[in-house]
Number of protein chains: 2
Amino acid sequence: MTRDDEGVGDPGASTASGADRSLHQRIRADLEERILSGAWSPGHRIPFEHELMAQYGCARMTVNKVLSGLVEAGLIERRRRAGSFVRRPVGQSAVLRIPDVKAEVLSRGEAYRYELITCARRKATREDRARIAVPAGAPVLALLCRHVADGRPYALEDRLIALDAVPEAATADFSAELPGTWLLAHVPWHEAEHEITAAPADARTAARLDVPVGTACLVIARRTWRGGAPITAVRIWYPGDRQTLVARFTPATAAGR
Amino acid sequence: MTRDDEGVGDPGASTASGADRSLHQRIRADLEERILSGAWSPGHRIPFEHELMAQYGCARMTVNKVLSGLVEAGLIERRRRAGSFVRRPVGQSAVLRIPDVKAEVLSRGEAYRYELITCARRKATREDRARIAVPAGAPVLALLCRHVADGRPYALEDRLIALDAVPEAATADFSAELPGTWLLAHVPWHEAEHEITAAPADARTAARLDVPVGTACLVIARRTWRGGAPITAVRIWYPGDRQTLVARFTPATAAGR
DNA sequence: AAGTGGTCTAGACCACGTC
DNA sequence: ACGTGGTCTAGACCACTTG
């Protein structure tokens with residue numbers, strides 16, 4: 001009756017790894033291992049709920065919780081009457097984490113410094129409004145700042161903040177605090193869009209980054225909204241030879257978890 | 001006793017949006033809406049399970065399923081005795097989806113063509129082994145191919161395949177089928193790493209992409225493993241002025257969902 | 001038509017952390 | 001110590017889908 005009188009469904013439970021976790025966690029780990037190791041390849045039919053019940057000697061709700069979790073994680077899909085099947089990994093798509101600049105530099109073991117170059121309040125120009133969708137004439141804060149690693153320019157940050165959405169930004173001291181950090185603390189975002197592209201450094205950008213004109217740069221543009229209203233738009237220029245974005249992941253992280 | 005005799009917890013259920021979904025889906029949508037809209041800001045304490053039970057007139061397991069789902073989605077965190085709280089959005093980090101080249105081109109509404117330029121089987125050179133960690137002397141397949149959109153070179157793909165791991169690749173016809181697609185169908189990957197960088201096009205690459213030498217290119221390098229064994233390493237060069245990677249997401253997608 | 005998953009209930013005991 | 005979440009049970013009815 002209890003889950004302890006069944007040994008069949010608990011392969012390797014006597015080893016350290018299977019100990020002292022909850023039953024549904026052990027079942028989930030078992031199934032995930034089979035899927036991620038390839039033992040159950042995409043399309044493979046997972047045992048029915050009643051079979052897993054018998055194997056692990058537990059109630060149906062318990063295996064159901066596990067299988068629902070695997071669906072939410074994108075590892076399997078379920079069809080009534082047919083069964084549960086291992087999902088094919090998501091196309092060629094992938095997921096990439098972009099750390100913030102300061103954390104990035106510090107994690108490379110280099111000294112970090114930040115410099116505010118310009119900070120101007122103005123009514124949004126036509127050019128501004130192409131970057132951040134505020135109404136005509138709405139006030140924006142335009143920031144230009146430089147991230148410095150071990151004394152060398154590391155990245156250039158060019159940011160607009162919609163002051164209607166974030167009026168407190170007008171009085172914030174961005175020479176002391178990173179704009180990104182300040183915004184995150186004061187205005188949680190709810191939607192964001194990233195655009196990554198390669199572009200040659202124009203004369204002004206090249207001078208500020210201390211690289212030759214035309215140097216291939218990685219440009220990351222991020223725009224964030226809160227409830228549909230634009231908050232900020234930022235472009236970060238990285239000289240291409242110094243910066244790479246790296247991501248490591250498994251299908252589980254890519255598919256939904 | 002049943003869930004129908006309670007009106008309090010079901011705001012807006014009479015509208016079309018709340019109809020005919022399961023109870024836990026409606027509860028989840030309710031809570032997610034409050035969180036993502038900012039009505040419940042980060043740190044806010046969500047009602048206790050027993051409160052939600054009363055509000056929605058349902059069993060504890062039902063609200064528990066909802067709250068567990070929100071944890072898995074990274075939207076809340078729960079502490080015994082203390083309660084459930086809205087999570088702070090993940091740092092400056094972000095998530096980016098990289099679609100595969102063919103889907104990318106077709107989604108832009110352009111005609112897609114693919115050309116195999118070279119396909120060579122060889123023992124891994126020192127240079128190959130810097131890209132793909134196979135044993136010395138192990139056989140690899142080296143492919144070079146071009147993706148063409150509306151008749152113009154769109155991207156250059158430079159790929160190595162470990163033949164020890166994927167012997168069937170030796171006999172595959174890569175002039176007919178995209179290597180990436182073929183691999184995905186024959187060898188599901190389990191770990192992958194991406195590296196994104198900007199680099200100037202060297203003479204040979206520039207010629208094959210039909211751009212001036214030195215053009216800033218976006219280079220995406222992807223390596224995949226199966227159970228720790230390398231399968232393939234690929235570099236895709238995109239002329240920077242034609243290609244941008246775009247990602248749109250909410251904290252839920254970034255945090256773990 | 002049969003069997004699958006989808007959903008829900010009304011209990012229960014336990015572990016843990018805050019009070 | 002108390003109340004929270006964590007987990008689990010042994011049922012139940014329903015909807016869908018496939019054979």
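By convention in this document, chain letters (A, B, ...) are assigned in the order of the sequence lines, proteins followed by strands, and residues within each chain are numbered from 1.
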Determine the minimum heavy-atom distance between [X] and [Y], stating which atoms define it.
X	Y	value
B:V63	B:E49	CG2-O, 3.8 Å
B:Y114	B:P179	OH-CD, 3.4 Å
B:E110	B:L106	O-CD2, 3.7 Å

Tell me whether the side-chain N/O atoms of [X] come closer than 4.0 Å to OP1 or OP2 in [N].
X	N	value
B:H50	D:dT4	yes
B:R60	C:dT9	no
A:S22	D:dG6	no
A:H24	D:dC8	yes

Exercise for the section: May I ask you to list the residues of residues 61-69 of chain B, by number, that have any heavy atom positioned under 4.0 Å from an atom of DNA chain C? Expected result: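 Of all residues in residues 61-69 of chain B, the ones placing a heavy atom under 4.0 Å from DNA chain C are B:M61, B:T62.
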Practice task
Between B:A59 and A:F48, just flag the one whose closest nucleotide in DNA chain C comes earlier from the 5' side.
Solution key: A:F48
Problem - ring pair (Phe, Tyr, Trp, His ring centres under 6.0 Å) involving B:F48 - partner list, sequence neighbours excluded - result: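 Ring pair (Phe, Tyr, Trp, His ring centres under 6.0 Å) list for B:F48, sorted by chain: B:H50.
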Where do N or O atoms of nucleotides 14-18 of chain C meet protein N or O atoms at under 3.5 Å, pair by pair?
unit_1, atom_1, unit_2, atom_2, d
C:dA15, N3, B:R80, NE, 3.2
C:dG17, N2, B:R81, NH1, 3.3

Exercise for the section: Whole angstrom is fine here: how far is it from CD in B:E72 over to C1' in D:dT7? Expected result: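 B:E72 atom CD is separated from D:dT7 atom C1' by 15 Å.
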Practice task
Ignoring the backbone of A:C58, work out which of D:dT9, C:dT9, D:dA12 is nearest its side chain.
Solution key: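 So the side chain of A:C58 is nearest to D:dT9.
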